[in-house]
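See structure below.
Throughout, a chain's letter reflects where its sequence line sits, starting with A, and its residues are numbered from 1.
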Amino acid sequence: MSKIRRTGAVWVNFICLFLRFRPILPSMKIASFNINGVRARIQQLTDWLEASAPDVVVLQEIKTQDESFPREELEDRGWTVETFGQKGFNGVAILSKLPLEDISRGLPGDDSDEQSRWIEATVIGDRAVRIAGLYLPNGNPAPGPKYDYKLAWMERLAARAAEFLKSEMPVVMLGDYNVIPQPRDAAFPEKWLTDALFLPESRASLRRIEYQGWTEILRLRNLDAASGPFTFWDYQAGAWEKNNGIRIDHLLLSPQAADLVIDAGIDRDQRAAEKPSDHVPVWVDLAA
DNA sequence: ATGGTAGGATACCTA
């Protein structure tokens, strides 16, 4: 084949890619960000939303009641806002550029639980995807009542996760799990041995949920890494500068969601922002 | 072995 014909074929392919394939490949970018106080972090949040351009975001630790959430700043930029706030601590929210249906607040299984740590919605893109944004209890100090609450909360999460799988929908459960799954998910795992984030019961409980049939997509994308990547660096003792991090923000995908994965990642550069959160965003892009 | 930081409450707690 002549050089001219080869060059022509390259261009035809290039044009076909643009005209045919790009428009028919839908994409839904789903992100999670533990914002550590949304009112203190509204600048970083809006800057990141602009730069990363997700379609739907779950937030944790908004640390505000619904009525004090900076709703207008986000609605003015085209976001639909659904909050499940709490005074002072915890609090989760969903921001979406796509329509949301069937929003549900609170993790089922304990009507006496007053902590705002769970919000669900169905996102209507090219397909309907059920998302659950979660802020799993920290559990320290362990042992103690807070650790008991963490483990009990994880049992309720396991029950809800099993229901999701029965639905056979694409489901993404994402957020701050407050669990370091394996030694390689901490820069210095030996420092975490007595911490609720790394105790055997916490890790086993998360593992049991994953073994129901969930795909932990950031693990899958980093199978060869001996250490890291991380999603959290403490504010103290120069943890960021030393890359003394842990990976505790996770995305669990049902089989129907895992089949749609285009890409997944961690917006690590957000930890270097002005007055940053101690967590960075994590995301998955689905053909949905 | 300790303390280092941060947000949002309120005169400390949670992380």
Contacts satisfying ring-ring contact (aromatic ring centres under 6.0 Å, His included) that involve residues 258-283 of chain A (not counting sequence neighbours) are A:Phe232-A:His279
Salt-bridged, A:Arg219 to A:Glu210, with N to O below 4.0 Å?
no
Pairwise N/O distances under 3.5 Å, protein to nucleotides 4-6 of chain B:
{"from": "B:dG4", "atom 1": "N9", "to": "A:Gln236", "atom 2": "OE1", "distance (Å)": "3.3"}
{"from": "B:dG4", "atom 1": "N7", "to": "A:Gln236", "atom 2": "OE1", "distance (Å)": "2.9"}

Could you tell me how far B:dT10 sits from B:dT14 if I compare only their C1' atoms? Round to whole Å.
14 Å
Residue pairs passing the salt bridge (charged side-chain N to carboxylate O under 4.0 Å, His left out) test with at least one member in residues 27-47 of chain A, sequence neighbours excluded, are none
Here the residues of residues 43-50 of chain A within 4.0 Å heavy-atom distance, strictly under, of DNA chain B are none
Residues 258-287 of chain A vs salt bridge (charged side-chain N to carboxylate O under 4.0 Å, His left out), sequence neighbours excluded, gives A:Arg221-A:Asp263
Rounded to whole Å, the CD1-P distance (A:Ile62 to B:dG8) equals 11 Å
Between B:dT5 and B:dA1 - P atom distance, rounded Å:
22 Å
5'-most contact on DNA chain B (nearest-nucleotide basis), A:Val38 vs A:Tyr135, goes to A:Val38
By salt bridge (Lys or Arg N to Asp or Glu O under 4.0 Å), A:Asp176 pairs with (sequence neighbours left out) none
Applying salt bridge (Lys or Arg N to Asp or Glu O under 4.0 Å) to A:Arg247 and not counting sequence neighbours gives A:Asp185, A:Glu216
By salt bridge (Lys or Arg N to Asp or Glu O under 4.0 Å), A:Arg207 pairs with (sequence neighbours left out) none
Rounded to whole Å, CG of A:Asn244 lies from P of B:dG3 at a distance of 19 Å
Rounded to whole Å, OH of A:Tyr149 lies from C1' of B:dC13 at a distance of 16 Å
| query | What integer number of Å spans the C1' atoms of B:dG4 and B:dA15? | reply | 14 Å
Separation of B:dA15 atom P from A:Lys150 atom NZ, nearest Å, is 10 Å
Of A:Thr64 and A:Glu61, the one whose closest nucleotide on DNA chain B sits nearer the 5' end is A:Thr64
Review point. Hey, does A:Phe232 reach any base, or is it just sugar-phosphate, or nothing, if we go heavy atoms under 4.0 Å?
Key: nothing
Checking the side chain of A:Tyr149 only, and the main-chain atoms of A:Gly144 only, is there a donor and an acceptor separated by less than 3.5 Å?
no
Result block: side-chain N/O donor-acceptor pairs under 3.5 angstrom for residues 165-175 of chain A, not counting sequence neighbours:
{"from": "A:Ser167", "atom 1": "OG", "to": "A:Phe164", "atom 2": "O", "distance (Å)": "2.6"}
{"from": "A:Ser167", "atom 1": "OG", "to": "A:Met169", "atom 2": "N", "distance (Å)": "3.2"}

Would A:Arg105 and A:Glu82 pass as an ion pair if we require N to O under 4.0 Å?
-> yes
Here the distance between atom C1' of B:dT10 and atom CZ of A:Phe89, to the nearest Å, is 10 Å
B:dT2 to B:dA6 separation - P atoms, rounded to the nearest Å
23 Å
Whole-Å distance, A:Asn90 CG to B:dT14 C1', equals 9 Å
Exercise for review: Report yes if at least one side-chain N or O of A:Lys146 is closer than 4.0 Å to OP1 or OP2 of B:dT14; otherwise report no.
Suggested key: yes
Sorted by chain and number, sequence neighbours left out, side-chain contact (heavy atoms from CB on, under 4.5 Å) with A:Ser205 holds for A:Met154, A:Glu155, A:Arg208
Here the distance between atom P of B:dC13 and atom NZ of A:Lys87, to the nearest Å, is 16 Å
Separation of B:dA15 atom C1' from A:Ile35 atom CD1, nearest Å, is 16 Å
Note, DNA chain B 5' to 3' with Watson-Crick or G-U pairs under 3.5 Å encoded as ( ), [ ], | and . gives ....((((...))))
Salt bridge (Lys or Arg N to Asp or Glu O under 4.0 Å) filter on A:Glu75, not counting sequence neighbours, yields A:Arg71
